[in-house]
Amino acid sequence: MDAWLRPTSLADALAALAAGPRVILAGGTDLYPSHVARPLPGPILDITALPDLRRIEAHPGYWRIPCLATWSDVIGADLPALFDGLRAAARQVGGVQVQNAGTVIGNLCNASPAADGIPNLLALDATVELASRAGTRHLGVADFVQGNRRTARRPDELAVALRIPRPAGPALGVFEKLGARRYLVISITMVAVVAEFDPAGRIRRARVAVGACGPRALRLPGLEAALAGRRPEPDLVTPDLAPLAPIDDVRASAGYRLQATEELLRRALGALGTSRARAA
Amino acid sequence: MSVIGFVLNGRPVVATAPPAQRLATVLRDAFGLTGTKIGCDAGDCGACTVLLDGAPVCACLTSLGQVEGRAIATVEGLAAERLAPLQRAFLRHGAAQCGICTPGMLMAAVALLARTPHPDEAAIADALGGVLCRCTGYRAIIAAVADAAATLPAEPEAGAAVGARVARRDGVEKVTGRERFGADALPAEPFLTVRAVRSPHPHARFVIGDLAPLFAAHPALVRVLTAADVPGSLRYGIYATGKDQPVLAEGRVRHRGEPVCALVGPAEALAAIAEAEVPITWDPLPPVRFDDATCSEALHAHAPGNILCRGRVRAGDPDAAPPPGAVHAAIAIETSFVEHAYVEPEAGYARRVGERIEIIACTQTPYMDRDEIAAILGIRPEQVRIVPTAVGGGFGGKLDLSVQPLIAVAAWLTGRPVRMVYSRPESMASTTKRHPARIRAEAVAGADGRLFSVRFHGDFNTGAYASWGPTVANRVPVHATGPYAVPHVLCTSAAIHTTDPPAGAFRGFGVPQAAIAHEALMDALADRLGLDALEFRLRNALRPGCRTPTGQVLGADAALALCLEALRPRWRAWRDEAAAFNAANRGPERLGPERRGVGIGCMWYGIGNTSLSNPSTMAIGLARTGRVVLFSGAVDIGQGSNTVLAQIAADALGAPLAAIDLVTGDTDRTRDAGKTSASRQTFVSGSAARLAALALRAEILRRANAGAAARIGFLPGAVQVSEGTESSLLALETLPADADGMVLRAEGHFDPPTTPLDEDGQGIPYASFAFAAQIAEVAVDTALGTVTVRRIAAAHEVGRAINPTLVEGQIHGGIAQGLGLALMEEYVPGRTDNLHDYLIPTIGDVPPIEVTLIEEPDPLGPFGAKGVGEPALVATAPAILNAIAAATGARVTRVPATPERVLAAIRAARDGGRA
Ligand code: FES
Ligand code: FES
């Protein structure tokens, strides 16, 4: 087996994966740092020469973020306010250097508990398009991310794109991240909210997700239910943050994470209220 | 291997290398473009930033395969024939100090300016937020990027170098990527690499098993070094009494990251060896923790109770009853390990030349290295030649040996050149740190607002080995009252061994930790007396003629009062503004969580070693060519001594700065200038350089039979001495030259006068003290506990600013490190061995800084100058912590003041207030 392949067609890439498992390399912003001062483990499938998998596109019922779309592509794409949260996250993933190389799907597939993309994808109700020689399947992000650095991707599959469904009415996304310095900071906790509004400005439905507060990012169904039919305001947040189960680590204790998450949720709802006019 | 073509700095090239290899490695190793630096190999520091089709990326995260057919631009491509405007701007503004981050900064900025020719500060910060700088505090970098049309500063006239803002002498190398740091210097011959195998345990016994299978599996492996292979003394250390650190551990490790054996071979062969293949059997022992080290089993026979040493200063009667109406304050402070986090990990190589060894590596202290390596190899110091490379940041961390012992032993034994480059995790796990401190302190002031007594005790976690622990233990009690006149004092300290990494020298040697305590006390006393915090400090400031707690009487340069007076207008204005903001924000309608506050911190700092001789010798010569050469054994670690010493020598000699060349730091060619540490190079080596230049001047004038006021002109092959209308020409071509080509040569020697301290710490520990005060305004998010520093003003008494740009650069950089100490830096052994878990300030964290330089000439310093390197840092953390207290009423006593700790303190203060 070649230690390194850089196919120029999706068919070749899937054939290579069908032949045996490979480490998939795209932007390299997670893979190289996990092998400091060592060579990458092989065999490698470098997918960056695959054609037509970079441009973020609008389709009738959904947007498609292909697997080579970088954080910079998200920042530069013409996307509605629904994506404000994802865009805000894109601006805070590493520095410009990392934003230029790292991909949104790579962030998802790496499945770090502190991945800034994942809560936003949960809030956007994104699904992952997984391609293999056996066919294509679509999995919701909540089903795709199974735990700390564990996903449902089979070794013969490639996550080729994300689909973000178009909401029925005007919608807005927000993202709140807490870190201990201005740039290049791993989140202590983070909150992503996407809300769809009815014509009266009430929340028709909301999805709320929290990252860095457990082995994987989670939605808060209780809070989501409480938001339905209400105008967004901070006081809708209740201290009950089930099912979050954060841990103590070098960045913060579990207790502080919960306190801060509650505050970020309040701010996210406040921001939804003040920026509601942006929803389209 | 693949053959991959791409465009490099405008020219098509082909690389033959594995396609998954990092572009950074390919650029450096295959193309020799060492301007692209590797600070972390993990996307955390941005030193490796290059442009890929015009967009900045980290070359350490980019595979060679991915650049096929694309265009790469590196720093080497910026200056074709002359410097690009941005490079000139970096020189003008002092935006490159050590210069290791400079290529990354430049490339990120170039991409920004291509898109946005006139960026504002926010755009600059966003564009440069991915590049870390540990030296500059970023403000000069922001200024340079905003002023990309800058011209170079003019060269001063003869006699006007001191006080001029000249660009650094080594600046062009730094902004073009030509500067050679430890990992950039390569032996001419083929070389071997050494890789250390390090302990994963903080404390363990171990046995190295049969190595035959390892050699069998890896035939290219040349040697595995163990403790038994060290030819001379196995143990080294800073103090003659503290030679306790083994080159390779001998059956027992005392900290995580301690080297137990070392693999020597070609780099590729070593890379193929998995750690698990090295047969080591570990028998973990209970770690010795700072909490209970003094009642744990002793780690070293010479340190019963794990107490390495103690320090003590006693003055007056510390038990004296306070006067009626006196107020009292007490505090307990805890600080963390702080990592130097220079962007350059330790690196270098060694080669054996007959019966001599040459070490080419980054270091702050070539002469101590020479003597240590001689002992380790069992040879004479003259058999060791140390040639320092450029140093990509030191801050005290490169005062201890790192790569040197292993490359020396390996090169000595194999006879072949041997290279070693620390990885970032290796650097962070194994090298020294700032001492964590546990401090208890109390102070009493009389109703008249004058300090009556201070009691202070600090325990310092000195880690597994002595390193600079004794320096900290001695320096802290001398400074622990703060820069105030206090009649009754008892200040004590202890350096305590644990199974943590060795704590050593870090900018300030324990004084920054102590300052957090004394400045919290000053605020508390002022508050209790109902006095303004600045005015209270002014009332108690050490002034000329005051007696320090060690009994030393201060001279006319003790100018803390001037610093405080300089800050007073801003102190008042900032406090009024913060109060107005809080009032506006507090009304029931606009109950926002942000609170602002302004805090103040003062400091003093003794320049040079504490009560120990620390001489410097400088040589200066006149070459046949008519050029003047300053032979300086002082290492410029980015702070600018190469430039400052040349400025001093130029004015003392009466030569234009441009006539002076520099030979630095090669122990075969220069004299011992002592270490670059303790803020001593400007003061001590500057004095030596001045004396050397004066001696050379006297010799030239003597030969010309001219009087002391004569002017000397330096011409090609001659000097012209003019006095009034008389003028004589001294031809140099006919004079006999020495091995260096010098026809005249002079030396200067300076050792600051100090006296030993007695058991009560009485004596003259330093010949000179620097004083400073800083104020900081913070915004605290009282719901999350996050702190943003909004602005800082610093007033530093520097004697004489030989080069104001460099002095300001030291202050900015020190403030950034002080900010990190206060708010975010906390090294946890085994858990933060990288630059994303260990946080240092980024470009977005350092606020605007206003610097006021106060020049009260030091009678001993060259042209009145004293040191500033460490004084820059000491006052910052106290000012920030006091500002947090002013904003919230909450005193954070454990630093760094992370959001969690700040929030806990706020809630505790609120609950306490309610109870
Ligand atoms: S070396 Fe590439 S980011 Fe640090
Ligand atoms: S000048 Fe930036 S790291 Fe030294």
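Numbered from 1 within each chain, the chains take letters A, B, ... in sequence-line order.
- Shown are B:C60, B:C58, B:C48; of these, the side-chain contact (heavy atoms from CB on, under 4.5 Å) with A:Q97 is made only by B:C58.
- Of the two parts of A:A26, only the backbone, made up of N, CA, C and O, holds a non-hydrogen atom closer than 4.5 Å to a non-hydrogen atom of chain B.
- The contact between A:S253 and chain B is made by backbone and side chain atoms together, counting heavy-atom distances below 4.5 Å.
- Using a 4.5 Å cut-off between heavy atoms, A:R267 contacts chain B through its side chain alone, with no backbone atom that close.
- Residues B:D126 and A:Y183 bring a donor and an acceptor atom of their side chains to less than 3.5 Å of each other.
- For the options B:T898, B:D837, B:T786, heavy-atom pairs under 4.5 Å to chain A are most numerous at B:D837.
- Residue A:P33 comes nearest to B:A42 through the heavy atom pair CG-O, 3.3 Å, listed as atom of the first residue, atom of the second, then distance.
- When heavy atoms are compared at a cutoff of 4.5 Å, B:R907 approaches chain A solely by way of its side chain, counted from C-beta outward.
- Contacts between A:T29 and chain B at a heavy-atom distance below 4.5 Å involve backbone atoms as well as side-chain atoms.
- A donor-acceptor contact shorter than 3.5 Å links the side chain of A:R181 to the backbone of B:I840.
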| request: Take A:L264 and B:L784 through the test side-chain contact (heavy atoms from CB on, under 4.5 Å) and record every step on the way to the result. | output: CA-CA 8 Å; A:L264 292 190; B:L784 290 172; 4.0 Å; yes

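- Remark: B:R831 does not engage A:D249 in a salt bridge, criterion side-chain N to carboxylate O under 4.0 Å.
- Heavy atoms of B:C40 lying under 4.5 Å from chain A belong exclusively to its backbone.
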